[in-house]
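Note that these values count all heavy atoms, side chains included, but never hydrogens, waters or copies made by symmetry.
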Amino acid sequence: MTTRYLDNQDLEENPASATITVTAVEVPELTQEEQHDRLHLERKLKRAVFEAGKALMELCDRRLYRSTHSTFEEYCRVRRSVS
């Protein structure tokens, strides 16, 4: 979207005087192969999130963070800022 203003003074006095130009873009439909690839990649993402959740649960349950952090919350906060 492109926005052009008459000038700053006109805009300050009357914001409705702004001219807005919108360009429409046609987005082609996905091919059968692209649809297949999208579904495959979405499944991989879903599985990765599930596996990450399982790993976090085990780290927490077994307190495997305790050599470097006093709490699981601290471990998560520090790990998130590193990655």
Side-chain angles (χ1 to χ4, degrees):
M1 177 168 61
T2 305
T3 304
R4 288 180 280 136
Y5 299 111
L6 299 176
D7 67 39
N8 285 339
Q9 186 175 2
D10 287 341
L11 182 58
E12 289 173 13
E13 293 173 7
N14 184 8
S17 66
T19 302
I20 299 174
T21 304
V22 178
T23 304
V25 177
E26 187 174 332
V27 179
E29 294 292 321
L30 295 178
T31 65
Q32 288 285 81
E33 182 179 2
E34 289 172 324
Q35 289 177 15
H36 177 269
D37 290 347
R38 189 192 84 203
L39 291 173
H40 174 71
L41 292 169
E42 287 174 348
R43 284 188 196 110
K44 286 177 76 170
L45 283 170
K46 186 175 183 178
R47 182 68 185 175
V49 169
F50 175 76
E51 290 297 328
K54 281 181 26 180
L56 285 169
M57 218 164 59
E58 186 169 349
L59 283 163
C60 181
D61 290 348
R62 295 178 57 197
R63 298 184 59 234
L64 298 176
Y65 57 84
R66 69 185 183 273
S67 64
T68 56
H69 300 87
S70 56
T71 66
F72 182 69
E73 291 77 12
E74 178 189 4
Y75 170 81
C76 290
R77 190 172 35 259
V78 170
R79 292 295 299 169
R80 188 180 75 187
S81 68
V82 170
S83 46

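The residue from Gln35, Glu33, His40 that alone fulfils the side-chain contact (heavy atoms from CB on, under 4.5 Å) condition with Asp37 is Glu33.
Cluster partners of Leu30, using a side-chain heavy-atom cutoff of under 4.5 Å among ILVMFWY residues and allowing indirect links: none. In the hydrophobic clustering, where aliphatic and aromatic side chains (Ile, Leu, Val, Met, Phe, Trp, Tyr) are joined below 4.5 Å either directly or transitively, Val27 stands alone. In this structure, Val49 shares a hydrophobic cluster with no other residue, the cluster being traced through Ile, Leu, Val, Met, Phe, Trp and Tyr side chains under 4.5 angstrom apart.
For the salt bridge (charged side-chain N to carboxylate O under 4.0 Å, His left out) test, residues two or more places apart in sequence or in another chain that qualify with Arg47 are Glu51.
Enclosure of atom CD in Glu42 by more than 12 non-hydrogen atoms of other residues, nucleotides or ligands within 6.0 angstrom is indicated.
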Give every donor-acceptor pair under 3.5 Å between a side-chain atom in residues 61-68 and any protein atom, sequence neighbours left out.
{"from": "Arg62", "atom 1": "NH1", "to": "Glu58", "atom 2": "OE2", "distance (Å)": "2.7"}
{"from": "Arg66", "atom 1": "NH1", "to": "Arg62", "atom 2": "O", "distance (Å)": "3.2"}
{"from": "Arg66", "atom 1": "NH1", "to": "Arg63", "atom 2": "O", "distance (Å)": "2.9"}
{"from": "Thr68", "atom 1": "OG1", "to": "Tyr65", "atom 2": "O", "distance (Å)": "3.3"}

Report, one line per pair, each donor and acceptor closer than 3.5 Å where one atom sits in a side chain of residues 69-78; sequence neighbours left out.
{"from": "Ser70", "atom 1": "OG", "to": "Glu74", "atom 2": "OE1", "distance (Å)": "2.9"}
{"from": "Thr71", "atom 1": "OG1", "to": "Glu74", "atom 2": "N", "distance (Å)": "3.0"}
{"from": "Glu74", "atom 1": "OE1", "to": "Ser70", "atom 2": "N", "distance (Å)": "3.1"}

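A distance of 9.5 Å separates CG in Leu41 from NE2 in His36, rounded to the nearest 0.5 Å.
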